[in-house]
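Here the structure is a predicted model, which means the values were calculated and not measured. Throughout, protein chains are lettered first and strands after them, A, B, ... in sequence-line order, and every chain is numbered starting at 1.
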Amino acid sequence: MRTLAPFGRRRVAVAGGEDAGAYRLLHVDDPAGPSPSPGQFYMLAAAEHWGAGADERPYLPRAFSYMADAGGRLGFMFEDVGPGTHRLAQLDAGDELWLLGPLGEGFSAPADGRRALLAGGGIGAPPLYALSAVLDDPHVRVDALLGFRDAHHARVAESLFEGTPVQLATDDGSVGHQGFVTELLARELDADDHAVVYACGPAPMLEAVRALCAERRVPAQLALEAGMACGFGACYGCVVALADGSYMRVCVDGPVVDADELAHVPAH
Amino acid sequence: MRTLAPFGRRRVAVAGGEDAGAYRLLHVDDPAGPSPSPGQFYMLAAAEHWGAGADERPYLPRAFSYMADAGGRLGFMFEDVGPGTHRLAQLDAGDELWLLGPLGEGFSAPADGRRALLAGGGIGAPPLYALSAVLDDPHVRVDALLGFRDAHHARVAESLFEGTPVQLATDDGSVGHQGFVTELLARELDADDHAVVYACGPAPMLEAVRALCAERRVPAQLALEAGMACGFGACYGCVVALADGSYMRVCVDGPVVDADELAHVPAH
Amino acid sequence: MAVEFCGIALAHPVINGSGTFDAIAARRAFGDAMLDAFPFSAFVSKTITLQPRSGNPPPRLWEAQAGMINSIGLPNRGLAGYLEHDLPRLAELPVPLITNVMGSTELEVAQLVESIDARAEVAAIELNVSCPNVQTGLDIGADPRSLGSLVRAVRPLTRKPLIVKLTPNTADVAAVAAAAQDAGADAVSLVNTLRAMARDPGSGGPWLGGRTGGLSGAAIRSVALAQVAAVSARVSLPVIGMGGVAHGTHAHDLISVGATLVAVGTESFRDPCAGTRIAAELKSLQIAGSSSIEVNRSEPQPEVDLNCADS
Amino acid sequence: MAVEFCGIALAHPVINGSGTFDAIAARRAFGDAMLDAFPFSAFVSKTITLQPRSGNPPPRLWEAQAGMINSIGLPNRGLAGYLEHDLPRLAELPVPLITNVMGSTELEVAQLVESIDARAEVAAIELNVSCPNVQTGLDIGADPRSLGSLVRAVRPLTRKPLIVKLTPNTADVAAVAAAAQDAGADAVSLVNTLRAMARDPGSGGPWLGGRTGGLSGAAIRSVALAQVAAVSARVSLPVIGMGGVAHGTHAHDLISVGATLVAVGTESFRDPCAGTRIAAELKSLQIAGSSSIEVNRSEPQPEVDLNCADS
Ligand SMILES: Cc1cc2nc3c(=O)[nH]c(=O)nc-3n(C[C@H](O)[C@H](O)[C@H](O)COP(=O)(O)OP(=O)(O)OC[C@H]3O[C@@H](n4cnc5c(N)ncnc54)[C@H](O)[C@@H]3O)c2cc1C
Ligand SMILES: Cc1cc2nc3c(=O)[nH]c(=O)nc-3n(C[C@H](O)[C@H](O)[C@H](O)COP(=O)(O)OP(=O)(O)OC[C@H]3O[C@@H](n4cnc5c(N)ncnc54)[C@H](O)[C@@H]3O)c2cc1C
Ligand SMILES: Cc1cc2nc3c(=O)[nH]c(=O)nc-3n(C[C@H](O)[C@H](O)[C@H](O)COP(=O)(O)O)c2cc1C
Ligand SMILES: Cc1cc2nc3c(=O)[nH]c(=O)nc-3n(C[C@H](O)[C@H](O)[C@H](O)COP(=O)(O)O)c2cc1C
Ligand code: FES
Ligand code: FES
């Protein structure tokens, strides 16, 4: 699914920000924007002091999946991993953002009565949460399987996914299953594989999901990541190689892609 | 007079900032620094977000004369005229600065019983105020003549120069004499020209002071300005032409110079 | 603000830099609203080659200080794919089209120019000469002689305005521009990106799939201004100036040193409507300033005996 | 961290870029504390010319995006003044001295090299060749042939290590470096500043007294890294890498692509002790990283047929 973006970035106000475990949640008012489709993303940049951080960066806007969308208020969740997210993590109510979007191709709903299995790793959770919020058809069973580094990172899961049964996995076992989220996924598919898998997370996790679903012949939709400059197909920078040897632009052809279009999920 | 600077910039805390009319006053704690000499200056840069302002600037530190120095607390006064001063004007108590100094050659006290006439224009006031604070010898008569654009800009003069008689001039006559500060200076020299003139301000004003004092054969010390990159003689960027055709580096040979070393005060 | 460029009437002087705005992809993202508010007064295509190219392996982007490095590698459908698939869609844009082409041999370039010349939808042709000469290894665009012979060879093959896009990675860009003019080019455009490199923080090897890449954006603005000034002073051809243009003042600077048009590249990534904004800012500057800008096409000459860039 | 450079033992690999640190002026500002905490493992003088030069008219500085443009114009006391006035003072520094010289003719350079060679206080000589060749008009350092003949002419005049400082304003800096090596240079240093320009916001004319100037600082970091990598891959000489170094990681990048020493220029204006800080950061990176850095002096070669800097 793709909702068209208005042409041009919008200067919008931050309604509030909160720390949730290891992550930062940012609530942004976008009254002029349309209601996005799960899996779509926005390009964000702080309106003030965007730059002059570590190594005189950031310079380009940064891509973020939206997590929530209620009456023109968008929710984002991210971790401070570099100068861009570091600057965004400083923003609070009243600060302003440049926002472009919604961008890209989102998820498509499960067909022919399949159940929805949402498999997320770390900052892969946001688009899955957005998806769970729209999969409110009582006939569609939805389960969320979320992997995190540890309990500190997993804390955010509590605040999310109301109404959706959630299973947690952590690397250190400090909460939920100790191990990979793909182990939870395998278990679920053993139980009932008439399913569509929706996955977002670090490349190795997505690759494990891809391999597992390929082997089980279960359709999977992967939300990919790639370094981006523009987010709307202008720079050709965000490519990922497809099984047929051609490249897709994650920002316009994705970020959501059918797993069987990929031979593997690349590291960057 | 020159106080040597410790080698290396210091990360210091802003004790407070206040708006005074058109100007911003910044109070900075510099416990590790020596007590500077009037006319000396510091290179300042915000510790955070120095850059990414208008036109992706500032990048280099900025030079500011100190205005006050009390027990390791330095006072600066400036006007927001570009990205550097704009950023510095955002700083408040608790924010941090990179500070290098004190730098340059300051004023020298009046000799053989001469009176001190302090002639300032706009942001030229700070070094003169620092000077007035040390000219506390009861036998030395000190008068301050300060020129400003208008009453709004002149307001800052009130908070300064306690104990020193001040005469104001404004371009629009909204307070004090309507006209140039040099007109006040000429009047004072008519009355008693056994004086040393200390001047700081915009180039045209300094040039007028230089010409007046040359004609009256009154010694004058001018605190010059020039665009700077380093502030300690490293870049050779801050030069002003001397009467003998050679160049002086304002940061190490100045900023204070005897007026008769100059044929004229250049525009930049 | 209306301006004429090589006989083409344009609504304003701001166009896009080749490869920095994909109008077809933008229409997918923004819909037809993008057509109504199209940011540029002419549209320059990404570089087209004779054969299809998939481009360089990722990663293709590195964020630099006030700029970015790209090693995209000229992905394109190839001439046939462009003519069949892209051109009809581009023809729906509300502005004149400029097709940017590159070939590694004179023969290739000749084929490209001939086939584009045959298409009425295209208003002008831009030659990207930032690619290595098979003999010298130097970029064709860095060597006045090889550039001259290339332009002389293809010039007769088209009646459309022929623009030569110069590389900044050369000792004397004005000499290259003069060679293009002598060989019959109708205009020159500059600057292309500055050769640059970034290391992978992890592996320590080159970050970019193409190993090296090209620096663009604000970081190169003052280098571009110097080169556009030098070229404008040397040649009488119209000049398209680009490199780090992000505000009307930057466009105004380029026009003041002699550029007829200004192109926006990297800034469109930060603001897809940058072209519209910059054209508006430029307009108010021109109204504010001496009605029309007083252009100075004489090269800035140092008064000093030894003029050393470094000091 | 101790390193040997052309037979000179240095405490660490970080030195200053010529013309970016005046040790004599710094001593006036900071006193002898500056000697005890001297930031560099060797000191490179500002460029010395045969005759005294007062330099370019002001303004000489422009702040650019993540960088600065200078048109200082090589002010210096001239050879005699340097030998008599500066050298004795510089000899009081706790580190080896490198004297940087420039001449506009072979004869001038020869006189400079011979007289510096006679002074025991000087450990090495650096040739600044970023100045126009009187015949070609091109910078000598942009043209392998004229550079080669210059170096060949002066090489026999000194037993001291001879370093050639390369300009980045050229199409193929590695070819120039190779010419320096063939002509007998002991080392090369790069990059000098990128030719750049700024307009006076008021008058609209050139801002800088020298009309054009040189861009330095963070903005040129990735261009410098590409050129140092290309040169290190081509020549076997030790390389002094510089351009936008502000942190240990930047020094580490240059050393990883083949530089033996790293020079700090503009960053010293922002932080006079940058040399000390960068050397310390570099040390901890080298300890953290694979004990000693694995240096890769093979030029990054694109896997792609057409490698275009721009895409
Ligand atoms: C479609 C999409 C959706 C996303 N959604 C989310 C989300 O919901 N939440 C979230 O937290 N993140 C999300 N991301 C990732 C997010 O965009 C990145 O974390 C962010 O861009 C990092 O920027 P930074 O400046 O903080 O870190 P950077 O410094 O940019 O580092 C991020 C990575 O980029 C590489 N890198 C390092 N330096 C450079 C450089 N100079 N130039 C280029 N690359 C460099 C390294 O691999 C590094 O690990 C999404 C990304 C995409 C493409
Ligand atoms: C010794 C000394 C003492 C000083 N003391 C004080 C003081 O006490 N209070 C005070 O308010 N000011 C003082 N100044 C002036 C102060 O340093 C400048 O106002 C400040 O540097 C301006 O920086 P900015 O970024 O705000 O403005 P800028 O943008 O740097 O503009 C300032 C001026 O620089 C020029 N300019 C514009 N753009 C550029 C560019 N890109 N590169 C280079 N130049 C440019 C223009 O002429 C402009 O008017 C002093 C200066 C010196 C040298
Ligand atoms: C991602 C990217 C792709 C580019 N692709 C091309 C191209 O295909 N052909 C070309 O001639 N120039 C190409 N360029 C160069 C731009 O057209 C322009 O010359 C350069 O980016 C400088 O302008 P800027 O600083 O405004 O970006 C590309 C630049 C970027 C950043
Ligand atoms: C103000 C200034 C003056 C310079 N003077 C000289 C000089 O006299 N001789 C020289 O060879 N290089 C000179 N350079 C070039 C530097 O040595 C160095 O090569 C360049 O600045 C790149 O390094 P950086 O980015 O760390 O500054 C000068 C650079 C600056 C900024
Ligand atoms: S980010 Fe520019 S094309 Fe995808
Ligand atoms: S500011 Fe650098 S020498 Fe004066």
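Of the listed residues (B/Gly227, B/Gly104, B/Ala52, B/Pro58), the greatest number of heavy-atom pairs within a distance under 4.5 Å of chain D belongs to B/Pro58. Looking only at heavy-atom pairs under 4.5 Å with chain B, the residue among D/Ala37, D/Gly265, D/Ala66 that has the most is D/Ala66. Note on D/Gly67, D/Ser54, D/Ala64, D/Ala23: by heavy-atom pairs under 4.5 Å with chain B, the leading option is D/Gly67. Interface check for chain D: of the options B/Cys238, B/Gly245, B/Cys230, the most heavy-atom pairs under 4.5 Å are formed by B/Cys230.
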Subject >> side-chain contact (heavy atoms from CB on, under 4.5 Å) between D/Asn70 and B/Cys235, intermediate numbers included >> reply: CA-CA 9 Å; D/Asn70 82 85; B/Cys235 75; over 6 Å; no
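Atom NZ of D/Lys46 sits about 7.0 Å away from atom OH of B/Tyr236, to the nearest 0.5 Å.
Using a 4.5 Å cut-off between heavy atoms, B/Met43 does not touch chain D at all. Within the 4.5 angstrom heavy-atom criterion, no atom of D/Thr276 approaches chain B. With a threshold of 4.5 angstrom between heavy atoms, B/Pro61 approaches chain D through side-chain atoms but not through N, CA, C or O. Heavy atoms of B/Ala45 lying under 4.5 Å from chain D are absent altogether.
Annotation: side chain of B/Arg9 is not in contact with side chain of D/Cys273 (no heavy-atom distance under 4.5 Å).
Judged by distance alone, the side chain of D/Arg60 and the main-chain N or O of B/Val239 form no donor-acceptor pair under 3.5 Å.
In the displayed structure, D/Phe30 atom CZ is contacted under 6.0 Å by more than 12 heavy atoms of other residues, nucleotides or ligands.
Pairing each heavy atom of D/Phe269 with each of B/Phe232, the nearest pair is O-CE2, 4.3 Å.
Residues of residues 80-103 of chain B having a heavy atom under 4.5 Å from any heavy atom of chain D, listed by number: B/Leu100, B/Leu103. Interface residues of residues 247-262 of chain B toward chain D, defined by a heavy-atom distance below 4.5 Å and sorted by number: B/Tyr247, B/Arg249, B/Val252, B/Asp253.
Residues in residues 86-99 of chain D take part in these side-chain hydrogen bond (donor to acceptor under 3.5 Å, both in side chains) pairs, two or more places apart or across chains: D/Arg27-D/Glu92, D/Arg77-D/Asp86, D/Tyr82-D/Thr99.
By the ring-ring contact (aromatic ring centres under 6.0 Å, His included) test, B/Tyr59 is found to be paired with no residue, residues two or more places apart in sequence or in another chain being considered.
Looking at B/Arg62 and D/Glu63, a side-chain N of the basic residue comes within less than 4.0 Å of a carboxylate O on the acidic one, giving a salt bridge.
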